[in-house]
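As structure tokens, the structure follows; a few thoughts come after it.
Below, chain A is the first sequence line, B the second, and so on; all start at residue 1. Heavy-atom basis, side chains included; hydrogens, waters and symmetry copies ignored.
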Number of protein chains: 2
Amino acid sequence: MKPKVTIEDIARLAGVSKATVSRVLNERSNVKAETRERVLRIMQEQGFVPSLAAAGLAGGRSRLVGVLTPPFTQPTVPEILRGVAEAIEHTDYEIVLYSTNAGQSPTTIVNRILALGLTSCLLVIQPGPLTPRLLQLASQGLPVVVIDDQGPPPELPSVGIDNRVSAYQATMHLIRLGYRRIAHLQGPAEFRCAQERYQGYRQALDDAGLPFDPALVFNGTFETASGRACAVALATLPLTERPEAIFIANDQMAFGFLSAAEALGLRIPQDLAVVGFDDIPLSAHVRPTLTTIKQPFYEMGRNAVELLLSLLHGPATQPVAGAEGGYQPPIRIQLPTRLVIRESCGALTLHRRQEQEHSLSDE
Amino acid sequence: MKPKVTIEDIARLAGVSKATVSRVLNERSNVKAETRERVLRIMQEQGFVPSLAAAGLAGGRSRLVGVLTPPFTQPTVPEILRGVAEAIEHTDYEIVLYSTNAGQSPTTIVNRILALGLTSCLLVIQPGPLTPRLLQLASQGLPVVVIDDQGPPPELPSVGIDNRVSAYQATMHLIRLGYRRIAHLQGPAEFRCAQERYQGYRQALDDAGLPFDPALVFNGTFETASGRACAVALATLPLTERPEAIFIANDQMAFGFLSAAEALGLRIPQDLAVVGFDDIPLSAHVRPTLTTIKQPFYEMGRNAVELLLSLLHGPATQPVAGAEGGYQPPIRIQLPTRLVIRESCGALTLHRRQEQEHSLSDE
DNA sequence: CTGTTAGCGCCTTCAA
DNA sequence: TTGAAGGCGCTAACAG
């Protein structure tokens, strides 16, 4: 149906050997300029595009980057993928997508991916801890970059944010607004980012000379339901023990909190100020709109791709087993976050809307 | 680094020829049951996974489906992709993702995709009209399935909804609620779905014996801004000419409409009832929550994959040039939509919340 | 039912 | 700087 133009065709038309065409393709230097241009021109004319499949087979390394993602409906994912896709587009690589639908072993998928022999490197968007299998492969030399929107420990090259500092800023924002009793709804302990955000919260209290009250720290799961549960727990607290504000470790839980609070007759921010973490699309649209820490998801995607490709092209920094030369930690790109001030923290009502974000107007 | 297990290895260990192993792999029937099981067992033991790249090269057809998508941040996309990914997962195919970032020629991308020789079929999620190049390729025998969330003309096998009927239901819902003067904000004329939704609107008015007033039909772009513009236009109308309700051709525009209406002091649904179209995630969260037609995006993704694979496996229904046998239209899978009743249409306030959807509680 | 023989389109030695 | 030959891992004909 489609008479694919092959290297052989080009070679014949250009009057050179296939090997030479191949050299031109791979931008080898050892081709006479004149020849190169002729070949290039003919490739143009014929609309030649090399077969990635064959190139991968023959050359060993393919031009496909495997991208391992959680379900697309997880709110942080689309933005990250947009960044990834855009970065890839400027290269001659393509994306092979492996979506990990909840409930299937990540190890299985990883095995499948690699064994397929399609992809020569992996970009992992994975909430929570990494599969041992992945670590093992990486240590064997497979280029892997992790985007830790939810914060896996950086045992691999990774792109992410400084959760501790960001949480510190979020908490400090509440403190500056004059709140004294500040609660925290934290994420599950398996997530390193949950711990880090907790630490940032603690640190802010300390630095402000505020007492830490363990009774004000609630355990959550990063899911909406636990936000609701937390609101209920707070509402049952005696008025004197009730906090004036709460820093919630992700927006998803904050949504649950807001909706339950509304149902419970708890006014946000008048009765209780709320700051979240992530800034996913909904955050600008819930009522009240959510003050939160904005993670630069798009940029994370872009940076991850760049890092991955640089790993791929750069010298094979093979982690020699038992190397004595001192352990050097994997590369980490840390992107800045930003506090987005909206209604839920009370800053707007307190400070007459100095930095208000128009909710729907920016789309 | 990773000593890939090949068919050759399996063949040796099982004491058969590579061809036989291949037969087992491809589930050919002509293998003795006993042999098959031995081979399968050994493949298990060795953790053998065939190389898609090689298989594609050798066999001519690859096991990769190319998926052409708009940017992931377009709100309808994640759900569709989720469906696609989930359907693919049950097969031995993989997804190669081509994201069409706005502003780049679709034709270029399509060419690139095909020439790569990676994918043997294409799933296109494309708002608006199809590239001529795509049509041409399809007519040459390339299996293509289109998901028309925004409604391209079904010149190719496609999965979508009945826009006309759905729009009819939306409008009829408003009519049943007692509204008489009903406006319509339509999408751009290039989108067939925009025309169809308009037709459904007209039809509903006709069937209800309501007069059609061209002054109540506004032109939109399917984007937020045009929703705002429409609200402004409505607000400037003399009170007597103002409609009591409006059917807006997609939710994105409805959001713009709602936010502008709020700013203009127009109360929804008291002053004006609104019904949208799509039911994207935000629709349940804007204020007031949006009554709208729910498109089954997830199912569309799933069905599209199934259709595509059936096309791939089924008999090559090659559209023979100039065949006399009468033109038969391409397959179309039409999925049912559903009217989701929320606040913006006034039904809840009128009929004391009979079908209310809890906004945040279902996540 | 099974083994043998050619390639798929490309890259990578080698030798020239 | 170039050409010729071999093979990546698999499938598709053939024979048997």
Side-chain angles (χ1 to χ4, degrees), chain A residues 1-40 43 46-64 92 94 114-120, chain B residues 1-40 43 46-64 92-94 114-120 313:
Chain A
M1 72 182 225
K2 36 156 189 180
K4 169 122 187 68
V5 186
T6 74
I7 276 201
E8 192 151 5
D9 301 328
I10 304 296
R12 194 178 323 109
L13 291 171
V16 292
S17 71
K18 294 192 284 178
T20 302
V21 178
S22 173
R23 283 188 259 264
V24 172
L25 254 185
N26 295 291
E27 295 173 337
R28 296 288 182 68
S29 47
N30 47 349
V31 178
K32 213 198 304 180
E34 187 191 350
T35 316
R36 159 196 266 86
E37 283 182 24
R38 182 156 37 91
V39 171
L40 281 174
M43 295 199 316
Q46 301 294 316
F48 170 76
V49 180
S51 154
L52 280 194
L57 229 205
R61 75 182 166 323
S62 89
R63 311 234 123 171
L64 295 174
D92 47 1
E94 304 293 346
L114 295 181
L116 285 174
L118 271 177
T119 59
S120 52
Chain B
M1 74 185 221
K2 36 155 191 182
K4 169 123 185 68
V5 186
T6 73
I7 276 200
E8 193 150 7
D9 300 328
I10 304 297
R12 195 178 322 111
L13 289 170
V16 293
S17 71
K18 293 191 285 177
T20 302
V21 178
S22 173
R23 283 189 259 264
V24 172
L25 256 185
N26 296 291
E27 294 172 335
R28 297 289 182 68
S29 47
N30 46 349
V31 178
K32 213 200 302 183
E34 187 191 351
T35 315
R36 161 196 265 89
E37 283 181 25
R38 182 156 38 91
V39 171
L40 281 174
M43 295 200 314
Q46 302 294 317
F48 170 76
V49 180
S51 153
L52 278 194
L57 230 204
R61 74 182 166 320
S62 92
R63 311 232 122 171
L64 294 173
D92 47 3
Y93 284 74
E94 305 292 346
L114 295 180
L116 286 174
L118 272 178
T119 58
S120 53
H313 296 139

Which of these nucleotides, [options], is closest to any side-chain atom of [X]?
X	options	value
B:Val31	C:dC10, C:dT2, D:dT11	C:dT2
A:Ala54	D:dC10, D:dA4, C:dG9	C:dG9
B:Ala58	C:dT2, D:dT11, D:dA4	D:dT11
B:Pro50	C:dG3, D:dT2, D:dC10	D:dC10

Just the rounded figure in Å: distance from [atom2] of [N] to [atom1] of [X].
X	N	atom1	atom2	result
B:Arg38	C:dT2	CZ	P	9 Å
B:Arg12	D:dG9	CZ	C1'	13 Å
A:Leu52	C:dC11	CG	C1'	14 Å
A:Leu57	D:dC8	CG	C1'	5 Å
B:Gln46	D:dG9	CD	P	15 Å
B:Lys18	D:dC10	NZ	P	9 Å
A:Met43	C:dC10	CE	P	11 Å
B:Glu8	D:dC10	CD	P	9 Å

My understanding is that only residues two or more places apart in sequence, or in another chain, count here; which of them pass side chain to side chain contact (heavy atoms under 4.5 Å, CB included) with B:Leu25?
B:Ile7, B:Met43, B:Phe48, B:Pro50

A:Gln46 vs A:Asp9 side-chain heavy atoms within contact, under 4.5 Å:
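With C-beta onward as the side chain, the pair stays apart.
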
Around B:Glu8, counting heavy atoms of other residues, nucleotides and ligands shown, do more than 12 lie under 6.0 Å from its CD?
no

Please state whether the phosphate of [N], meaning OP1 or OP2, lies under 4.0 angstrom from any side-chain nitrogen or oxygen of [X].
X	N	answer
B:Ser17	C:dG3	yes
A:Thr35	D:dT2	yes
B:Arg28	C:dC1	no

Please report the shortest heavy-atom distance between [X] and [Y], naming the atom on each side.
X	Y	result
B:Ser17	B:Ala11	C-CB, 3.8 Å
A:Ala14	A:Val39	CB-CG2, 4.1 Å
B:Ser51	B:Ala54	OG-N, 3.0 Å

What nucleic acid atoms does B:Arg36 come within less than 4.0 Å of, heavy atoms only: base, sugar-phosphate, or nothing?
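B:Arg36: no heavy atom of the nucleic acid under 4.0 Å.
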
Under 4.0 Å, heavy atoms only, any strand: does B:Arg63 hit a base, just the sugar-phosphate, or nothing?
nothing

Could you walk me through whether B:Leu52 and B:Glu94 pass side chain to side chain contact (heavy atoms under 4.5 Å, CB included), step by step?
CA-CA 9 Å; B:Leu52 278 194; B:Glu94 305 292 346; 3.7 Å; yes

Apply side chain to side chain contact (heavy atoms under 4.5 Å, CB included) to A:Arg38 and A:Thr35, showing your working.
CA-CA 5 Å; A:Arg38 182 156 37 91; A:Thr35 316; 4.0 Å; yes

Paired runs of 3 or more consecutive Watson-Crick or G-U pairs involving DNA chain C, with both pairing distances under 3.5 Å, are C:1-4 with D:13-16, C:6-16 with D:1-11

B:Arg28 (side chain) donor-acceptor with B:Ser22 (main chain) under 3.5 angstrom:
no

Rounded distance [0.5 Å steps], CZ in A:Arg23 versus NZ in A:Lys18:
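Nearest 0.5 Å value for the CZ-NZ distance: 12.5 Å.
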
What are the residues of residues 20-27 of chain A, sorted by number, that bring a heavy atom to within less than 4.0 Å of DNA chain C?
A:Ser22, A:Leu25, A:Asn26

